[in-house]
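Chain A is the first sequence line, chain B the second, and so forth, proteins listed ahead of strands; every chain is numbered from 1.
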There are 2 protein chains.
Amino acid sequence: MATIYDVSQLAGVSLATVSRVMNKNTNVSEKTKQKVLAAMAELGYRPNTFAQSLASNCSNSVGVLVSQLDGPYYGPMMAEIEAALRADNRHVIIAVGHSDAAQEIDSVEFLLSKGCDALILDVEAISDEYLIKLSKSSTPIVLINRYIAEISDCCIYLNNELGGYMATRHLLDLGHREIAYISGPSKKHDAIERLEGHKRALAEVGISYDPALCFEGDYKEDSGVDGMNYLFSQNKTFTAVVCANDQMVSGAISVCLERGMKIPQELSFVGYDNIPFARYVSPKLTTVNNPIHEMGKMAALWLLKNLYKKDVEVANVFEPELVVRNSAIRI
Amino acid sequence: MATIYDVSQLAGVSLATVSRVMNKNTNVSEKTKQKVLAAMAELGYRPNTFAQSLASNCSNSVGVLVSQLDGPYYGPMMAEIEAALRADNRHVIIAVGHSDAAQEIDSVEFLLSKGCDALILDVEAISDEYLIKLSKSSTPIVLINRYIAEISDCCIYLNNELGGYMATRHLLDLGHREIAYISGPSKKHDAIERLEGHKRALAEVGISYDPALCFEGDYKEDSGVDGMNYLFSQNKTFTAVVCANDQMVSGAISVCLERGMKIPQELSFVGYDNIPFARYVSPKLTTVNNPIHEMGKMAALWLLKNLYKKDVEVANVFEPELVVRNSAIRI
DNA sequence: TATTTATGGCGACTATTTACGACGTTTCTC
DNA sequence: GAGAAACGTCGTAAATAGTCGCCATAAATA
């Protein structure tokens with residue numbers, strides 16, 4: 001493999017000049033530049049990334065830590081992050097935290113040890129303190145789906161409370177008054193916030209929140225199944241169910257269909273996230289849009305702006321939007 | 001940050017000895033080893049990845065190129081690759097090819113320029129010739145979902161023809177004789193092979209393949225919708241539809257349900273891939289299992305064995321399996 | 001002539017790997 | 001029992017391929 005030395009020899013210039021051409025920062029005459037470029041082309045020269053990183057202490061890589069890679073949720077986010085960073089010739093290194101504090105910390109250390117310039121984190125179990133401390137170290141971090149007041153500048157998040165409110169409000173507007181809720185895990189921030197929104201909507205019309213009509217799931221399809229079975233076992237009446245994500249709706253609806261119920265005629269459902277499949281299941285899901293791909297893109301842009309000094313606009317907080325389809329009807 | 005030099009000073013040994021302790025390959029006396037380890041701990045020493053890569057010409061990184069990151073298909077694969085490589089302290093760099101030859105080649109070059117030790121490729125548009133040439137270069141590659149005879153050793157693939165055969169055979173066994181087919185794009189290898197299997201199954205029972213009952217989709221939900229509308233417009237009778245993947249089944253079924261049809265009573269469906277959602281849509285899909293996560297894992301193990309010299313077992317070819325659920329019934 | 005611009009040259013620097021060789025101890029052979 | 005070979009252990013120094021900054025110098029411009 002040709003080195004920068006070979007290029008300088010062939011072009012008849014010094015090492016410094018070759019470096020100047022590559023990093024296009026200082027003045028080089030057009031003629032010299034062309035000579036160097038020609039030499040590079042002739043030799044098929046590629047700068048050695050390892051040496052560049054060593055000398056500049058910059059790897060042009062960003063570590064992305066997510067809870068999981070399978071499932072419908074993180075793919076779109078990763079896609080946007082990859083695209084935005086790739087367009088600026090940076091690469092992304094992935095790691096998985098499995099929503100477990102020890103594994104998440106381990107993953108952060110792993111990414112750091114690999115020399116990432118920055119980290120994009122979608123973590124659930126790591127404590128605020130750890131993240132605050134981490135953000136003060138030399139490696140910048142961006143948090144997706146999480147708000148920590150002390151480091152709010154590097155947080156990209158959705159107004160989950162509002163989303164939870166919108167879901168329930170929609171059902172109330174359709175005349176529903178007995179509304180069950182299948183929640184996400186109570187240790188996850190977004191699950192708590194969505195439930196808060198649900199409660200606020202109920203309170204707004206003077207309905208008191210009934211814990212017996214609430215089941216705590218884990219965001220997976222199976223817990224939608226469990227939740228539905230639990231709700232039916234309560235011997236309480238309800239005309240609608242809000243689920244804290246679309247996957248649990250899908251599990252919940254499958255239980256109803258197996259019992260021969262007609263959806264949405266006998267029971268209305270509202271989901272959350274608007275995952276791609278929400279449009280193709282039957283009935284098509286009424287759900288709250290979670291602009292996860294936009295947040296991924298924004299996290300990448302944040303780094304481009306703050307770390308790599310590109311001139312781009314960034315936003316921190318995103319608003320949910322209700323997507324009305326066919327799974328919830330007027331009572 | 002402490003360097004290897006600091007460690008050697010504190011431990012009172014040479015640089016080489018510290019390096020030997022880290023790489024535990026050559027003989028170091030237990031006493032010396034302990035001294036070095038103690039010095040490392042005291043200094044909180046972390047080897048500099050960039051310098052390691054420069055000196056050893058090995059980055060411990062593997063580039064993974066897939067067609068897309070969103071969608072239900074690649075997540076499980078990436079998850080397995082990440083887990084297997086991570087367990088051996090290697091990291092994965094991702095890139096997206098968008099099923100386009102120019103972009104795929106660009107992505108390969110990109111990953112190569114980033115100093116990957118090896119590449120895992122799930123590419124559709126790149127030519128066999130390019131891949132054969134690439135495999136002869138110094139960077140090893142592994143191909144997922146593709147078979148090229150000349151470099152069969154580094155191909156990890158599914159017997160797609162057999163899967164296509166199984167899908168149609170299942171319907172034939174249930175008594176169906178008029179079977180429509182919604183295919184994947186005719187330029188994709190797996191789509192062609194699956195269709196071949198379909199034809200073989202038909203031929204086996206003496207049914208001639210009718211092109212009018214076949215629609216070419218693009219593997220996305222919407223083309224399942226288009227395919228179904230096309231089939232209904234043909235004024236031909238059919239009692240079952242095979243789709244070349246589950247996403248198209250989902251689109252196709254949604255058309256039928258909107259027309260008020262009962263599925264599977266009026267029309268049977270068989271899909272392909274067994275994506276997670278296949279279990280939760282209604283009716284639950286009868287489909288052909290595509291062990292994509294196992295293939296991902298195998299690709300990683302292949303590298304562990306052939307590149308990083310770990311002692312593991314690898315398999316190249318995977319067999320599909322029919323998963324019988326509720327979307328296809330006896331006629 | 002003074003000032004700016006372009007370029008060369010040199011060396012410091014980055015943190016590690018690795019080939020080679022040195023040194024001392026053990027073991028084997030005659 | 002002595003000399004030689006083998007071996008384990010460890011250090012030295014070269015190599016890795018760039019970046020970066022300083023200074024000197026030459027050419028172009030004002």
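The side-chain hydrogen bond (donor to acceptor under 3.5 Å, both in side chains) check on B:N290 picks up B:Y73, B:D273, with sequence neighbours excluded. By the side-chain hydrogen bond (donor to acceptor under 3.5 Å, both in side chains) test, B:H98 is found to be paired with B:Q103, residues two or more places apart in sequence or in another chain being considered.
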Expected list for residues 28-41 of chain B: side-chain donor-acceptor pairs under 3.5 angstrom, two or more places apart:
from: B:S29; atom 1: OG; to: B:T32; atom 2: N; distance (Å): 3.4
from: B:S29; atom 1: OG; to: B:T32; atom 2: OG1; distance (Å): 2.6
from: B:E30; atom 1: OE2; to: B:Q34; atom 2: NE2; distance (Å): 2.8

Which pairs of donor and acceptor atoms, one on a side chain in residues 133-142 of chain A, lie under 3.5 Å apart (sequence neighbours left out)?
from: A:S135; atom 1: OG; to: A:I132; atom 2: O; distance (Å): 2.8
from: A:S137; atom 1: OG; to: A:L134; atom 2: O; distance (Å): 2.8

Could you list all N or O pairs between the protein and nucleotides 27-30 of chain D that sit under 3.5 Å apart?
none

Every protein N/O within reach of nucleotides 10-17 of chain D N/O, cut-off under 3.5 Å:
from: D:dC10; atom 1: OP1; to: B:S29; atom 2: OG; distance (Å): 3.1
from: D:dC10; atom 1: OP1; to: B:T32; atom 2: OG1; distance (Å): 2.5
from: D:dC10; atom 1: OP2; to: B:S29; atom 2: N; distance (Å): 3.0
from: D:dC10; atom 1: OP2; to: B:S29; atom 2: OG; distance (Å): 3.4
from: D:dC10; atom 1: OP2; to: B:T32; atom 2: OG1; distance (Å): 3.3
from: D:dG11; atom 1: OP2; to: B:S14; atom 2: N; distance (Å): 2.8
from: D:dG11; atom 1: OP2; to: B:S14; atom 2: OG; distance (Å): 2.8
from: D:dG11; atom 1: OP2; to: B:T17; atom 2: OG1; distance (Å): 2.5
from: D:dG11; atom 1: N7; to: B:R20; atom 2: NH2; distance (Å): 2.7
from: D:dG11; atom 1: O6; to: B:R20; atom 2: NH1; distance (Å): 3.3

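Each salt bridge (Lys or Arg N to Asp or Glu O under 4.0 Å) pair with one or both residues in residues 1-19 of chain B, not counting sequence neighbours, would appear here, but there are none. Applying the ring-ring contact (aromatic ring centres under 6.0 Å, His included) rule to pairs touching residues 107-154 of chain B yields B:Y147-B:Y157, sequence neighbours excluded. Sorted by first and then second residue, the salt bridge (Lys or Arg N to Asp or Glu O under 4.0 Å) pairs with a member in residues 94-116 of chain A read A:D106-B:R86, A:E109-B:R46; sequence neighbours excluded.
When the P atom of D:dT9 is taken as reference, atom NZ of B:K35 falls 14 Å away, rounded to whole Å. Put simply, CG on B:L43 is 13 Å from P on C:dA15, counting in whole angstrom units. A straight line from OH of A:Y5 to P of C:dC10 spans 11 Å, rounded to a whole angstrom. Rounded to whole Å, atom C1' of C:dA19 lies 15 Å from atom CG of B:N23.
In summary, the side chains of A:D122 and A:N145 do present a donor paired with an acceptor at a separation below 3.5 Å, with no hydrogens or angles considered.
For the pair B:S56 and C:dT16, the criterion of a side-chain N or O lying under 4.0 Å from OP1 or OP2 is not met.
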